[in-house]
Amino acid sequence: MKINKICCIGAGYVGGPTMAVIAQKCPHIKVTVVDINEQRIAAWNDENIDNIPIYEPGLSTIVGETRGRNLFFSIDVEKAIEEAQIIFISVNTPTKTYGKGKGMAADLKYIELCARQIARVAKDNKIVVEKSTLPVRTAEAIKNILDNTGNGVQFQILSNPEFLAEGTAVSDLLNPDRILIGGDTTPEGQKAIKSLVEIYANWIPTIKILTTNVWSSELSKLTANAFLAQRISSINALSELCEKTGADIHEVAGAIGMDSRIGSNFLKASVGFGGSCFQKDILNLVYIAKSYALHEVADYWEQVIIMNDHQKKRFANRIVQTLYNTVADKKITLLGWAFKKDTNDTRESAAIYVADDLLNEQANISVYDPKVNRKKILADLDYLETRSYKANASKITTCNNPYDACEGSHAIAILTEWDEFIYYDWLKIYESMEKPAFIFDGRNLLNKLDLQKIGFIYQAIGS
Ligand code: NAD
Ligand code: UGA
């Protein structure tokens, strides 16, 4: 089947950038991205390209080039489904906050709603692609819904998980390590796989396009995230041992990373990993393992999360201990709120948890992040439900520039590795702070010797 119309349900961090790149690389395909969030769609359609809802280096250029040509953002979900030959489902799949599996399982209600809507609306055969990250065997449930509530048309379900990382989404999409497509082993399933392969082959060498069965594809996505997160928890676990022994985690990571069997990526010790997916996907993996009574498997992976929580907690504890066991009414500056640099995404950011712990100790917190505003910061804290919105708001100041944020502060904590932090006038910052002036570098970003020379008491992770 020659594909010339596709749509994507979900205009978020995955749906938006992924479809923009497909539109750029496949000018012969009309790509429509739909969402029930009207505000988000309005932002994608904003005349001022700088106002698109997701900040990713290079994204606004691609959206500027394709929007209105063959890339469209709309709230008319039904029309887009009806027109499209391939429908990508890229909606959120958060951890369940209620009922069975609360706090662990993936909440599949948005996926099911999409499946039911597709079934109701589709009047001709469709290929439905799972782009969201889903528990293994979700395709079975989607197929059941489509086949039992549909209009008698044929559906093929493919799993095509997304591996992009935020902050590098565009380059990851343009030059991915691999594209994974899982489908049925039947001739119809293979035909559907071929249609999707042909789209990606417009810019990706076919050697990098891997095809598997549906279950392998679904499980590979959870596995990839679990392995990546496990490396971070492993290096973070050893960072604590380094702090006790005089070893330096940066040197240890360098030494082990040169072993080609280990490799050097994802060995950066930090205040703890954040982001919308690592924790959610591992919890989901743990839940699946438990549901098959694989308790040792579940416990093994759960430890990755336990270690990450410990890393965030001990960072906050260290600040309190170092500041003579009290931060009550002291001004502490957090530089960075996003879960990593080059994104405005704050989901599960370590900064939220560090701030929450410091607020429990009655610190006054001032925050500066180049891409995150006060509204978002307060919403993130409110979501934890540790204290009232008003109580958070009274203890949190947000600043539009780092120098104001640091003025009069007892300590600075670096929580996101934004490049600009390296180039600040640290002498000017030092002079404006209370003494002794402390820096807790949760990203091992700054130059220790330079800062010590200025007069700071500098503490990094793992040394
Ligand atoms: P997101 O929350 O940014 O976007 C999801 C969008 O789906 C929202 O705008 C929401 O309004 C919309 N939506 C929900 N239900 C809908 C419905 N019934 N009809 C229309 N729109 C609907 O989420 P995201 O970060 O883009 O993640 C989406 C999926 O991709 C998740 O499963 C996630 O695990 C996976 N993933 C995310 C990343 C990432 O970097 N964020 C990377 C790889 C995979
Ligand atoms: C991660 C994966 O890298 C993607 O492949 C995957 O598609 C995505 O999750 C997803 O499924 O959502 P992302 O969370 O956007 O991408 O960003 P990462 O670069 O993986 O960073 C995650 C967190 O780990 C960040 O807080 C980052 O600062 C931290 N990190 C990363 C470290 O602390 N140390 C490292 O060495 C690497």
Side-chain angles (χ1 to χ4, degrees), residues 7-19 33-41 43-44 53-54 56 73-78 80-81 88-95 106-118 130-135 138 160-169 172-173 176-178 221-222 224-229 231-236 239 253 257 264-282 284 308 311-312 336 338-343 345-351 415-417 442-445 461:
C7 85
C8 174
I9 309 180
Y13 282 87
V14 169
T18 310
M19 292 301 128
V33 190
V34 290
D35 205 294
I36 42 175
N37 182 336
E38 293 188 20
Q39 240 182 329
R40 210 167 205 182
I41 291 297
W44 279 113
I54 285 160
E56 279 291 338
F73 293 94
S74 162
I75 50 167
D76 195 343
V77 182
E78 300 209 339
I81 292 174
F88 292 80
I89 303 182
S90 190
V91 299
N92 36 329
T93 50
T95 304
D107 191 342
L108 298 179
K109 72 177 173 204
Y110 306 105
I111 294 285
E112 174 160 350
L113 278 171
C114 288
R116 287 186 184 274
Q117 193 170 21
I118 294 169
E130 300 175 343
K131 191 52 136 170
S132 298
T133 302
L134 295 169
T138 306
N160 171 220
E162 184 49 62
F163 295 101
L164 69 80
E166 289 179 29
T168 52
D172 292 345
L173 287 163
D177 286 347
R178 80 310 209 175
K221 173 64 196 176
L222 292 183
N225 273 358
F227 268 61
L228 291 168
R231 283 175 71 95
I232 304 170
S233 277
S234 297
I235 205 75
N236 280 344
S239 73
S264 59
N265 290 326
F266 269 71
L267 288 182
K268 245 188 135 351
S270 68
V271 55
F273 61 75
S276 61
C277 294
F278 279 172
Q279 173 165 309
K280 144 179 106 63
D281 292 348
I282 294 177
N284 188 206
N308 195 50
Q311 188 76 350
K312 291 181 275 190
F339 80 96
K340 62 185 283 198
K341 74 170 178 178
D342 292 339
T343 176
D345 195 348
T346 64
R347 290 177 288 182
E348 289 301 326
S349 179
L415 293 178
T416 312
E417 72 282 24
R443 296 295 184 162
N444 293 351
L445 181 73
I461 301 270

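Numbers for residues simply follow the sequence, beginning at 1. The figures here come from the full heavy-atom set of this structure, side chains too, leaving out hydrogens, waters and symmetry mates. As the structure is a computational prediction, the values presented were derived from the model and not from experiment. Order of appearance sets the numbers: ligands from 1, and atoms from 1 within every ligand.
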Could you check [atom] against the protein and tell me its nearest heavy-atom contact, residue, atom and distance included?
atom	answer
atom 28 (O) of ligand 2	Arg443 NH1, 2.6 Å
atom 18 (N) of ligand 1	Cys114 SG, 3.8 Å
atom 43 (C) of ligand 1	Glu162 O, 3.2 Å
atom 12 (O) of ligand 2	Cys277 SG, 2.7 Å
atom 10 (C) of ligand 1	Asp35 OD1, 3.4 Å
atom 34 (O) of ligand 1	Lys280 NZ, 2.6 Å
atom 36 (O) of ligand 2	Lys268 N, 2.9 Å
atom 21 (N) of ligand 1	Ile36 N, 3.4 Å
atom 8 (C) of ligand 2	Leu164 O, 3.5 Å
atom 22 (C) of ligand 2	Phe278 CE1, 3.6 Å
atom 30 (O) of ligand 1	Val14 CG2, 3.5 Å
atom 30 (N) of ligand 2	Ile232 CD1, 3.4 Å
atom 5 (O) of ligand 2	Phe163 O, 2.7 Å
atom 20 (C) of ligand 1	Ile9 CG2, 3.3 Å
atom 26 (O) of ligand 2	Phe339 O, 2.8 Å
atom 14 (C) of ligand 1	Asn92 OD1, 3.3 Å

Inset, instruction - Could you see which bit of Leu228 sits under 4.0 Å from ligand 2, with heavy atoms only: side chain, backbone, both or neither? - result: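 Leu228 to ligand 2: side-chain contact only, backbone stays beyond 4.0 Å.
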
Legend entry - For ligand 2, the portion of Asn225 having any non-hydrogen atom under 4.0 Å away: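 It is the side chain that touches ligand 2; the backbone stays farther off.
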
Ligand 1 to [X] polar contact by distance, N or O atoms, under 3.5 Å:
X	answer
Arg40	yes
Asn37	no
Thr133	yes
Asp345	no
Thr93	yes
Ala11	no

Inset, instruction - Take Glu417 and Lys341, measure what salt bridge (Lys or Arg N to Asp or Glu O under 4.0 Å) needs, and give me the verdict at the end. - result: CA-CA 5 Å; Glu417 72 282 24; Lys341 74 170 178 178; over 6 Å; no

Inset, instruction - Quick one: look at Ser132 and ligand 1, take heavy-atom pairs under 4.0 Å, and tell me if it's side chain, backbone, both or neither. - result: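 Both backbone and side chain.
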
Legend entry - Within reach of ligand 1, part of Glu38 (heavy-atom separation under 4.0 Å):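 Glu38 to ligand 1: no contact under 4.0 Å from either part.
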
Using heavy-atom distances only, which candidate in [options] approaches [atom] most closely?
atom	options	value
atom 23 (C) of ligand 2	Pro161, Gly275, Gly274	Gly274
atom 22 (C) of ligand 1	Val33, Val91, Thr18	Val91
atom 18 (P) of ligand 2	Arg231, Glu348, Lys340	Lys340
atom 25 (O) of ligand 1	Arg347, Glu166, Gln39	Arg347

Legend entry - Heavy-atom gap Gln117 to ligand 1 smaller than 4.0 Å: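 False for this residue.
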
Inset, instruction - Determine, using heavy atoms of Lys341 and all atoms of ligand 2, whether some pair is separated by less than 4.0 Å. - result: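 Heavy atoms of Lys341 never come under 4.0 Å of ligand 2.
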
Inset, instruction - Would you please determine whether Lys221 falls within less than 4.0 Å of ligand 2 on a heavy-atom basis? - result: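 Yes, Lys221 has heavy atoms under 4.0 Å from ligand 2.
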
Legend entry - Under 4.0 Å to a heavy atom of Tyr110 - the qualifying atoms of ligand 1, by number: 15 (N)

Can you name the closest pair of heavy atoms from [X] and [Y] and give their distance?
X	Y	answer
Cys277	Asn225	CB-ND2, 3.9 Å
Ile81	Gln117	CD1-CG, 4.0 Å
Ile232	Lys268	CG2-O, 4.5 Å

Inset, instruction - Run the salt-bridge test on Lys221 and Glu130 with the 4.0 Å N-O cut-off and return the result as yes or no. - result: no

Distance under 4.0 Å to a non-hydrogen atom of [X]: what atoms of ligand 2 satisfy this?
X	answer
Ala165	3 (O), 15 (O), 16 (O), 17 (O)
Glu162	7 (O)
Ser270	32 (C), 33 (O)

Inset, instruction - For the residue pair Trp44 and Phe73, categorise the inter-ring angle as parallel (less than 30°), tilted (30 to 60°) or perpendicular (more than 60°). - result: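 Geometry flag for Phe73 against Trp44: parallel rings.
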
Legend entry - Within-cut-off N or O pair, Glu166 and ligand 2, under 3.5 Å: yes

